[in-house]
Amino acid sequence: MASTGCACCAPTPATNHTVPAAGTTSAGSTATYQVEGMTCGHCASSVTEELTTVDGVSEVHIDLVAGGISTVTVTADRALSVEAVRAAVKAAGYTLVSA
């Protein structure tokens, strides 16, 4: 019997993860980033969780491309530094390839 991996890495990818931070609204600066290495909904959730800890972030939207380069859109109350976004993505275990 072949293993298909754990439940979070099932072949059906999750898409359109939009998670607003608690008590915030979507407003301010919106930027799009390209992130490599995500393969499933759990991956997208990990990136979303890390990005929402960045000061000022109110919303994260991920268009997941399993095994490819996913588009991550971040809304914040001000422009974020690429370094802050890169650090959050790296903390989740993935690579920011472009901003």
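- Closest non-hydrogen pair, Ser46 versus Tyr94, comes out as CB-CE1, 4.4 Å.
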- request: Show your working on side chain to side chain contact (heavy atoms under 4.5 Å, CB included) between Leu80 and Val74 and close with a plain yes or no.
  value: CA-CA 9 Å; Leu80 301 173; Val74 180; 3.7 Å; yes

task: I would like to know whether Thr52 and Val60 meet side chain to side chain contact (heavy atoms under 4.5 Å, CB included); could you show each step before the answer?
output: CA-CA 7 Å; Thr52 56; Val60 176; 3.9 Å; yes

field: Thr95 and Lys90: CA distance, side-chain angles, deciding distance, side chain to side chain contact (heavy atoms under 4.5 Å, CB included) verdict
entry: CA-CA 6 Å; Thr95 304; Lys90 183 177 181 180; over 6 Å; no

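- One distance of note links CD of Gln34 with CD1 of Ile69; it measures 6.5 Å at 0.5 Å rounding.
- Listed for the Ser58 side chain is a donor-acceptor partner under 3.5 Å among the backbone atoms of Thr75.
- Between Val89 and Leu96, the closest heavy-atom pair is CG1-N, 3.8 Å.
- Distance CD/Glu49 to NE2/His42: 8.5 Å, rounded to 0.5 Å.
- The minimum heavy-atom distance between Ala88 and Glu50, with the atom names listed, is O-CB, 3.3 Å.
- Going from atom CG of Leu51 over to atom OH of Tyr33 covers 8.5 Å, rounded to the nearest 0.5 Å.
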task: Show the numbers, then the answer: is there a side chain to side chain contact (heavy atoms under 4.5 Å, CB included) between Thr32 and Val72?
output: CA-CA 6 Å; Thr32 302; Val72 179; over 6 Å; no

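- When side chains are defined from C-beta on, Ile62 does not count as touching Thr71, because their heavy atoms never get closer than 4.5 Å.
- Among all heavy-atom pairs drawn from Val65 and Ser70, the shortest one is N-OG, 2.9 Å.
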